[in-house]
Amino acid sequence: MGTELNSATDEDAKSIKAFRAGDINAFNRLLEKYMDRIFNVCYRFLGDYEDAKDASQDVFLKVYDSLNKFRGDSSFYTWLYKITVNTCKNKLNSIEYRLFRKMGIIIKKDCQGKPNKNSLDEYIQNLPNGKPSPLTLLEYKEKELTIQRAINSLPPIQKIVVVLRDVEGFNYEEIAKITGLNTGTIKSRLFRARVRLRKKLEASL
Amino acid sequence: MFYHKFRAKDISLLIDGRLEDKRALLLEEHLHSCSRCQHTLESFKKLTNAMGHLQRLNAPVGLAQNIQTKINTKKTLKNPFSRFNLIYIPMSALGVAIAVIILISNTYEPLHKPYKEVAIMSTEEHTIQSKAKAKNDYKQTETSAPPMPAITKPFIRILPISPNQDTDKTVNGVGSLSKGLRTAKLAPETNTSDNLDKTLLSSANRLITKAGGQTIAVNTESDTTIYIDIKIQYSNIQTLAASLSNIGSINNSIPITKGNSEVVTLRIELYYK
């Protein structure tokens with residue numbers, strides 16, 4: 001992940017320069033490039049399709065507002081992930097969100113542990129282009145949802161660290177830059193998250 | 001959670017390649033002989049593998065468009081001169097206009113005051129006019145009301161005097177006492193007037209009479225003090241003192257002792273410091 005993004009930093013720098021010079025298309029290029037990745041991270045953090053949509057929208061609006069203030073001390077993608085993590089963390093910590101999650105869990109229980117129909121349809125639409133058998137697809141989907149539910153159950157910091165490391169593939173130093181945590185804390189949070197997840201997913205892995 | 005010499009955390013770090021080289025070698029050696037640690041390693045590997053292969057979701061269709069629309073809306077609101085913002089312009093223009101009006105009304109002074117008309121006249125005419133003006137000014141000064149003096153309360157001293165003492169003679173070297181009511185200037189001159197003295201005397205007399213006293217003599221010849229000699233029933237002295245305290249500050253503790261007679265003779269001194 002790191003090397004892939006590092007190769008793109010020059011391109012990002014050019015886009016940022018062009019944006020500062022007044023080229024709005026430069027921002028659109030950055031948006032197109034990172035939109036899927038940011039949406040995906042938001043989804044893993046928040047565990048809800050609509051919330052992830054709102055959060056990623058907020059992230060890009062913040063980026064637009066403060067791109068002129070971006071000093072370039074770190075690479076653009078680190079800065080972008082930092083904004084993403086903060087936006088999602090704020091959302092996860094908000095009382096409204098926690099209440100909503102509680103209510104959401106009750107609704108999901110009523111639906112026999114399955115997500116609502118709209119989310120499921122969108123989820124199926126976004127699956128890879130291969131044509132697996134319905135059974136494989138269902139198993140795959142179930143496994144995905146089980147893992148996501150296990151991630152959802154983690155405390156916010158553990159969730160952020162494990163998603164950045166195991167889902168997004170960032171190394172410890174990059175995670176430290178994004179989250180502002182030191183490496184020791186990252187190691188311990190990551191370990192605790194993995195132990196929790198292993199316990200929850202032991203049967204399904 | 002100990003696994004012999006190694007913790008599960010060490011296995012987690014080993015997966016990430018973050019365990020120290022020496023410790024990593026020891027753990028790898030240990031893994032050959034420990035099924036429990038092998039199982040932990042396997043479960044962590046399975047977990048990280050599953051997490052790493054989670055489906056990468058694409059952003060919903062229309063998300064980019066939504067973001068761009070929101071940015072455009074923001075830009076429109078931020079830019080007051082946008083042609084789309086029809087309310088913002090008149091409001092801001094009105095605000096500026098009001099501010100300018102307030103500023104002008106507060107600071108405006110005519111730069112060119114109208115010139116005074118100057119009459120061209122001879123020296124003789126000028127002298128006559130000057131005299132007339134001086135006369136007029138003098139008249140105005142005469143007719144205008146005198147400035148009101150600052151009213152300050154006088155001090156009052158009530159002293160016993162001998163009933164046989166000749167009230168017409170000099171007392172304490174102040175001057176002769178004489179019957180009747182006269183006016184005099186009281187010090188300080190600027191703060192007093194004849195009218196004020198008369199008022200003060202009449203007030204004092206009224207209060208003395210009301211308290212059952214009888215004025216024997218009044219001396220107003222001193223520049224600083226009015227002396228009033230009175231006869232009063234011993235029992236009425238306190239009433240008199242209380243009444244007089246309305247017109248001035250009583251400045252002594254009235255050291256009067258009851259004599260043979262019930263009627264005592266007192267001197268009331270009204271003075272300004």
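Proteins get letters first, then strands, A, B, ... in listed order; numbering begins at 1 in each. Side chains included, hydrogens not; waters and symmetry mates left out as well; all remaining heavy atoms used.
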Would you mind writing out the side-chain donor-acceptor pairs for residues 8-19 of chain B within the sub-3.5 Å range, not counting sequence neighbours?
residue : atom : partner  : partner atom : Å
B:Asp10 : OD2  : B:Arg7   : N            : 3.1
B:Asp10 : OD2  : B:Arg23  : NE           : 3.4
B:Asp10 : OD2  : B:Arg23  : NH2          : 2.9
B:Ser12 : OG   : A:Arg194 : NH1          : 2.8
B:Asp16 : OD1  : A:Arg165 : NE           : 3.2
B:Asp16 : OD1  : A:Arg165 : NH2          : 3.2
B:Asp16 : OD1  : A:Arg194 : NH2          : 2.9
B:Asp16 : OD2  : A:Tyr172 : OH           : 2.5
B:Asp16 : OD2  : A:Arg194 : NH1          : 3.0
B:Asp16 : OD2  : A:Arg194 : NH2          : 3.2
B:Arg18 : NH1  : A:Glu173 : OE2          : 3.0
B:Arg18 : NH2  : A:Glu173 : OE1          : 2.6
B:Arg18 : NH2  : A:Glu173 : OE2          : 3.3

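Chain A forms the most heavy-atom pairs under 4.5 Å with one residue out of B:Ala64, B:Ala50, B:Gly52, and that residue is B:Ala64. Ranked by heavy-atom pairs under 4.5 Å with chain B, the first of A:Phe27, A:Phe60, A:Tyr64 is A:Tyr64. Ranked by non-hydrogen atom pairs under 4.5 Å with chain B, the options A:Ile38, A:Leu197, A:Asp58, A:Val162 are led by A:Leu197.
Residues satisfying the side-chain hydrogen bond (donor to acceptor under 3.5 Å, both in side chains) criterion with B:Ser243, sequence neighbours excluded, are absent altogether.
The CD atom of A:Glu174 sits 10.5 Å away from atom CD1 of A:Ile186, with the distance rounded to the nearest 0.5 Å.
Ionic pairing of A:Arg44 and A:Glu144 is present here: one or more N-O contacts between side-chain nitrogen and carboxylate oxygen are shorter than 4.0 angstrom.
The part of A:Ile24 that comes within reach of chain B is its side chain, from C-beta onward, which places non-hydrogen atoms under 4.5 angstrom from that chain.
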